2 protein chains.
Amino acid sequence: MSTRDKLLLAAQEALVEDGITHVSARTVATRAGVNQALVFYHFGTVSELVAAAARARTGASLDHYREQFAAVDSLTGLLALGERLHAREREEGNVALMAQLMAGAQRDEVLAGAARHAMDVWRAEVESVVRRVLAPSPVADVVDADGLARAISAAFIGLELYDGVDPDGAAAAVTALERLGVLLEVVEDLGPVARRAVRARLRRVKR
Amino acid sequence: MSTRDKLLLAAQEALVEDGITHVSARTVATRAGVNQALVFYHFGTVSELVAAAARARTGASLDHYREQFAAVDSLTGLLALGERLHAREREEGNVALMAQLMAGAQRDEVLAGAARHAMDVWRAEVESVVRRVLAPSPVADVVDADGLARAISAAFIGLELYDGVDPDGAAAAVTALERLGVLLEVVEDLGPVARRAVRARLRRVKR
DNA sequence: GTCTATAAGATGATAGAC
DNA sequence: GTCTATCATCTTATAGAC
């Protein structure tokens, strides 16, 4: 593995395991087993290293989930994928990495750019699923798939951040969402009834 | 204002405006207009200062929202409160502060304690609303109010974190959630029908 | 309680030898 | 590309005068 890649991997691990506050040229270089000066040779600044690490990770991690996203064809399926994703994220920490990136991005335009990019990659993936799943439903008329995908992604980031601080609490949150799945099933069962109700309500709302 | 309070306020502002990575005894003391050594005299460590600042802020901020939480009596009302809350949070940054706290808490037990406490204060407030709003609904049988309150709170934290990086994207997310409000109205309208459907589904699910 | 001074270490970044 | 200095700066934290 090249030094460059060693640094990228080490930066990713550092973000996930230690958080953005403990990331420095020296801590990352030590973790990578390379010299500290090489951070600046290969990336110029620490922020650029972190940004590059985040970009590499989001690409790779979404490649892994892509098939599963593509296979989802129902609301309950989307929720189930969310649960599996959370279970895997507890080990992988791809989303936790994004949370750390965003936290550090508040006053760092380089990190902010990487954060927006990461968010956009996730948004695109979630959006296509949301669009597909809701297409046959009356709900499609009311839903803004782009915005909803952003909301779902942001919510997920908050959840993974919470998990790092209180795993039991986060587990309770996930379990609660699981149980809400029953309601989704009801909505799906209700198909025609709900469709009429939504249509009626929409006529009233759209002035 | 006492030096202690100046430091607490400065630490809160620093967290919201600059983020946890830029918080140090010196930056906060400068912002407070006091000597750097006083951080250690009053709080012992920087982490203790940050933790105290976060505790003070969550208490004060929730006092402000408490009446509004108490006034919510419907699902749509809860969603509407969420929107108003987000609008105010864009200026106040109480939730953004929690996000920064959680990001820094990954390897810092002092911050982690404060983060869990802040989360618990929010959870309690949200939980009571969720419980009250859903009590008359058939949904109450399926919902775990504690876990759901945690999920909602965590989602909100993710949203405010996202807002700091991409305000337009976050605004789109909020707008999408607003539009989902129409669906909530439908569910509320559907009352009796939904009740029967949920009951039926529950009989099937609970083996 | 507040200040100055200072220790002891970490940090970003560069120059120059190999 | 990699290493060894080396800087100037920033950091936490303490001792001691006021």
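Labels below follow one simple rule: chain letters A, B, ... track the order of the sequence lines, proteins then strands, and each chain is numbered from 1. Bear in mind that the values here come from a model prediction, so they are computed numbers and not experimental data.
In this structure the side chain of A:W122 never reaches within 4.5 angstrom of the side chain of A:R150, judged on heavy atoms. Between A:T21 and A:Q100, the closest side-chain pair of non-hydrogen atoms is not below 4.5 Å. A 4.5 Å side-chain heavy-atom check between B:I157 and A:L159 finds every atom pair outside the cut-off.
Counting only N and O atoms by type, the side chains of B:E89 and B:N94 include a donor and acceptor under 3.5 Å apart. Side-chain atoms of A:T76 and A:S74 include a donor-acceptor pair closer than 3.5 Å.
Nucleotides of DNA chain C lying under 4.0 Å from heavy atoms of chain A occupy a range whose first and last members, 5' to 3', are C:dT11 to C:dT14.
Each of B:Q12, B:R31, B:H22 was compared with B:E17 under the side chain to side chain donor-acceptor pair (under 3.5 Å) criterion, and only B:R31 meets it.
Ring orientation note: the planes of A:H86 and A:F156 are nearly perpendicular, at an angle over 60° on the 30°/60° scale.
Of the residues in residues 33-42 of chain A, A:N35, A:A37, A:L38, A:Y41, A:H42 come within less than 4.0 Å of DNA chain D through at least one heavy atom, sorted by number. Near DNA chain D, defined here as any heavy-atom distance below 4.0 Å, the residues from residues 10-25 of chain B are B:S24, B:A25, listed numerically.
Note that the CD atom of B:E83 and the CG atom of B:L177 stand 8.0 Å from one another [nearest 0.5 Å].
The pair B:R116-B:D120 fails the salt-bridge criterion, with no side-chain N (NZ, NE, NH1 or NH2) lying under 4.0 Å from an Asp/Glu carboxylate O.
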